[in-house]
Chemist: 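Pasting a structure below so you can have a look.
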Amino acid sequence: MKPFVHIRRMLPLVALTTAAVTATITTSAQTASGLAPAVEQRIRMNTSSAVNANWTFRFGGPYYSHLFIDKIYAKSDPIIPCQSVFDVQIAARLGFKFIEANVHATATPGKYIVMHGVRGCLGDQVTDLDGNSAADVVIRQTPFDTLMSKYRYRSRYAKYRTHITSMEEFLLECRRNNIAPMISHVDEEQVRIIRSIMGENFILYWGTREEFSGPILEYHTYKSIRQIVDRCKYMGAPYLYCMGNVRDFTDEQLRTIAREVHNVGCYVGYAGCYEPPQNNQKLLDMGFDFSASGWDINEIDNGNLCNLTADLRFDDFRTDGTEREAVLCLDAGQSVAPGVELPSEFLSGGSLHVRFEGKIRVEMGDYIHTEFASDGERSMWWSSYFIEQAPTFRITAVEPTRIINMTYKASKM
């Protein structure tokens with residue numbers, strides 16, 4: 001992809017939050033809610049009908065799936081192919097409502113593949129049938145049948161070393177798994193095919209209003225607040241502006257961006273998969289609406305290996321802490337971990353939801369080995385993917401800490 005065009009993992013379809021918009025703009029004609037009629041209409045469209053009513057979920061939720069971007073390079077050891085039908089299955093299982101799809105036209109008119117790719121080439125995600133590199137194969141110059149029959153995904157396991165996923169296969173898998181694609185725009189024929197399979201139940205990544213009146217997402221790095229707001233006004237709701245340069249702005253400027261984008265009935269998000277977890281939480285607290293999946297994702301809806309809610313008793317966890325009145329108290333250095341053995345299982349992901357007061361170090365899977373602090377007023381959520389190589393899960397108190405509620409779930413392939 002490109003930058004988001006790099007936001008698969010993207011942007012990561014991150015499912016997207018439709019948190020209530022608290023815009024207050026002053027015009028000569030306002031509704032009882034205090035919003036101008038045009039803004040109120042855009043908000044209503046965004047929150048209820050941007051995805052066709054025939055679909056079983058509404059336009060919303062916090063993130064879209066952008067899971068395996070770091071598993072597509074030459075030195076990686078991939079399991080699930082990035083942006084494949086298997087990727088759709090995992091994203092749905094982990095609770096996402098949207099998933100990113102980078103579409104490429106082939107040399108065969110009207111035929112497309114879904115693949116992250118590298119500057120229009122296949123990149124290191126696939127090899128030829130003999131296992132040789134296919135990194136420099138130009139997708140647009142290669143016939144569709146050749147791409148389907150002469151190349152296959154890299155994977156540690158034979159069952160995932162299949163042919164490249166076509167756009168039609170990807171979309172049909174989305175329908176089967178009740179997850180909507182955030183799909184990159186290629187041309188008019190591609191949009192026609194998407195509609196023939198998905199109806200209006202998709203987010204178009206780039207594209208024009210002449211082709212699609214539904215939700216369009218764009219990834220930009222505009223340098224001023226005015227440029228961002230003007231782009232939102234030009235595109236019109238339902239529109240999602242994804243920032244690739246949040247670090248170019250102060251915290252106060254970021255709050256202003258969120259407020260001004262909401263004032264015109266649009267959404268603003270960021271590439272959370274490229275941000276440390278503390279930045280993710282800070283941006284969401286500032287009023288940002290969505291993130292590409294990174295450290296934080298939704299519930300695991302199904303396929304659970306273990307579901308350790310424990311009714312606040314913590315009986316399903318091993319710990320050297322002390323439980324007092326349904327609160328687990330840990331002194332510095334004390335820890336808590338699942339009461340089941342994880343290393344023997346092939347886990348596709350783990351999800352931790354915890355409310356605590358104090359400071360803890362979370363070790364979970366491939367990605368999360370980080371300290372977090374909380375005053376106990378709100379819960380926090382983390383996830384990690386493919387923890388077969390690193391099946392650890394442990395919470396260790398850095399200072400005296402009270403764990404008020406905790407859920408850990410792991411999804412088995």
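These figures come from a predicted structure and were not determined experimentally.
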Chemist: Heavy-atom distance under 4.5 Å between the side chains of Gln141 and Thr106, does that happen here?
Modeler: no

Chemist: Sub-3.5 Å donor-acceptor pair from the side chain of Arg161 to the main-chain atoms of Val126, do we have one?
Modeler: no

Chemist: Rounded to the nearest 0.5 Å, what separates atom CZ in Phe317 from atom CD1 in Ile395?
Modeler: 7.5 Å

Chemist: Taking the side chain as every heavy atom from C-beta outward, state whether Met167 and Ile193 have any atom pair closer than 4.5 Å.
Modeler: yes

Chemist: Distance-only, no hydrogens or angles: does the Ser379 side chain make a donor-acceptor pair with backbone N or O of Val354 under 3.5 Å?
Modeler: no

Chemist: Out of curiosity, Lys159 NZ to Ile79 CD1, how far, rounded to the nearest 0.5 Å?
Modeler: 10.5 Å

Chemist: I'd like to know whether Val264 forms a side-chain contact (heavy atoms from CB on, under 4.5 Å) with Glu260, so could you lay out the CA-CA distance, the side-chain angles of the two residues, the decisive distance to 0.1 Å, and finally the verdict.
Modeler: CA-CA 7 Å; Val264 294; Glu260 293 299 315; over 6 Å; no

Chemist: Strictly distance-based, threshold 3.5 Å: is any side-chain N or O of Thr146 a donor or acceptor partner for the main-chain N or O of Thr142?
Modeler: no

Chemist: I need the Leu217 CG to Ile183 CD1 distance, nearest 0.5 Å.
Modeler: 13.0 Å

Chemist: Specify the closest pair of heavy atoms between Ser184 and Val103, including all atoms of both residues, with the distance to one decimal.
Modeler: OG-N, 2.7 Å

Chemist: Between Val229 and Ile225, does the side-chain contact (heavy atoms from CB on, under 4.5 Å) criterion hold? Intermediate values first, please.
Modeler: CA-CA 6 Å; Val229 175; Ile225 296 173; 4.2 Å; yes

Chemist: Do Glu357 and Val327 have side-chain heavy atoms sitting under 4.5 Å apart?
Modeler: no

Chemist: If you count the non-hydrogen atoms of other residues, nucleotides and ligands that lie under 6.0 Å from CD in Glu399, is the total more than 12?
Modeler: yes

Chemist: So Lys75 and Asp124, salt bridge (charged side-chain N to carboxylate O under 4.0 Å, His left out) or not? Walk me through it.
Modeler: CA-CA 9 Å; Lys75 295 182 180 180; Asp124 293 303; over 6 Å; no

Chemist: How about CG on Asp375, more than 12 heavy atoms from neighbouring residues, nucleotides or ligands closer than 6.0 Å, or not?
Modeler: yes

Chemist: Look at the rings of Tyr267 and His262 and say which category their plane angle falls in: under 30° parallel, 30 to 60° tilted, over 60° perpendicular.
Modeler: perpendicular

Chemist: Will you find, in the side chains of His163 and Ser149, an N or O donor that is under 3.5 Å from an N or O acceptor?
Modeler: no

Chemist: Which pair of non-hydrogen atoms, one from Ala92 and one from Ile179, has the smallest distance, and what is that distance?
Modeler: N-CD1, 4.0 Å

Chemist: Just by distance, do the side chain of Arg154 and the backbone of Asp77 share a donor-acceptor pair under 3.5 Å?
Modeler: no

Chemist: Of all the heavy-atom pairs spanning Cys242 and Ala271, show the shortest one and how long it is.
Modeler: SG-N, 4.1 Å

Chemist: Going from NE2 on His185 to CH2 on Trp206, what distance comes out if it is rounded to the nearest 0.5 angstrom?
Modeler: 12.0 Å

Chemist: Hey, do the aromatic rings of Phe212 and Phe202 have their centres closer than 6.0 Å?
Modeler: yes

Chemist: Give me the atom names and distance for the closest heavy-atom approach of Cys82 to His116.
Modeler: SG-CB, 4.1 Å

Chemist: For Pro181 and Met198, which heavy atoms make the closest approach, and how far apart are they?
Modeler: CD-CE, 3.5 Å

Chemist: Distance alone, cut at 3.5 Å: any donor-acceptor contact between the side chains of Asn177 and Gln89?
Modeler: no

Chemist: Given the rule in the side-chain hydrogen bond (donor to acceptor under 3.5 Å, both in side chains) test, do Glu169 and Ser166 qualify, once you have shown the distances and angles that lead to the verdict?
Modeler: CA-CA 5 Å; Glu169 288 173 322; Ser166 70; 3.3 Å; yes

Chemist: Assess the side chains of Tyr153 and Thr127: does a donor N or O sit below 3.5 Å from an acceptor N or O?
Modeler: no

Chemist: For the pair Asp289 (side chain) and Val268 (backbone), establish whether a donor and an acceptor sit closer than 3.5 Å, ignoring hydrogens and angles.
Modeler: yes

Chemist: Set out, in order, the CA-CA distance, both residues' side-chain angles and the distance that settles salt bridge (charged side-chain N to carboxylate O under 4.0 Å, His left out) for Lys150 and Asp128, then state yes or no.
Modeler: CA-CA 6 Å; Lys150 301 298 184 182; Asp128 67 18; over 6 Å; no

Chemist: Would you call the rings of Phe86 and Tyr160 parallel, tilted or perpendicular if under 30° counts as parallel and over 60° as perpendicular?
Modeler: perpendicular

Chemist: Can you name the residues that form a side chain to side chain donor-acceptor pair (under 3.5 Å) with Tyr222, not counting sequence neighbours?
Modeler: none

Chemist: By the salt bridge (Lys or Arg N to Asp or Glu O under 4.0 Å) test, which pairs, at least two apart or in different chains, include something from residues 324-339?
Modeler: none

Chemist: What do the steps show when you test Asp248 against Lys223 for salt bridge (charged side-chain N to carboxylate O under 4.0 Å, His left out), and what is the final call?
Modeler: CA-CA 7 Å; Asp248 291 344; Lys223 298 298 185 180; 2.9 Å; yes

Chemist: Do Leu129 and Tyr151 have side chains that get closer than 4.5 Å, going by heavy atoms?
Modeler: no

Chemist: Would one find more than 12 heavy atoms of other residues, nucleotides or ligands at under 6.0 Å from atom CZ of Arg140?
Modeler: no

Chemist: Yes or no on side-chain hydrogen bond (donor to acceptor under 3.5 Å, both in side chains) for Tyr112 and Asp187, after CA distance, side-chain angles and deciding distance?
Modeler: CA-CA 11 Å; Tyr112 309 86; Asp187 55 33; 2.7 Å; yes

Chemist: With rounding to the nearest 0.5 Å, note down the distance linking CZ in Arg195 to CG in Leu171.
Modeler: 13.0 Å

Chemist: Could you check whether His220 and Gln227, counting side-chain N and O atoms only, form a donor-acceptor pair closer than 3.5 Å?
Modeler: no

Chemist: Checking side-chain contact (heavy atoms from CB on, under 4.5 Å) for the pair Met406/Phe356: CA distance, chi angles, key distance, verdict?
Modeler: CA-CA 8 Å; Met406 179 168 61; Phe356 67 97; over 6 Å; no

Chemist: So which heavy atom on Gly110 is nearest to which on Glu189, and how close?
Modeler: CA-CG, 4.2 Å

Chemist: Nearest 0.5 Å please: distance from the OG1 atom of Thr401 over to the CZ atom of Arg361.
Modeler: 14.0 Å

Chemist: Is it the case that the side chain of Arg318 and the backbone of Pro338 share a donor-acceptor pair, with hydrogens and angles ignored and the cut-off at 3.5 Å?
Modeler: yes

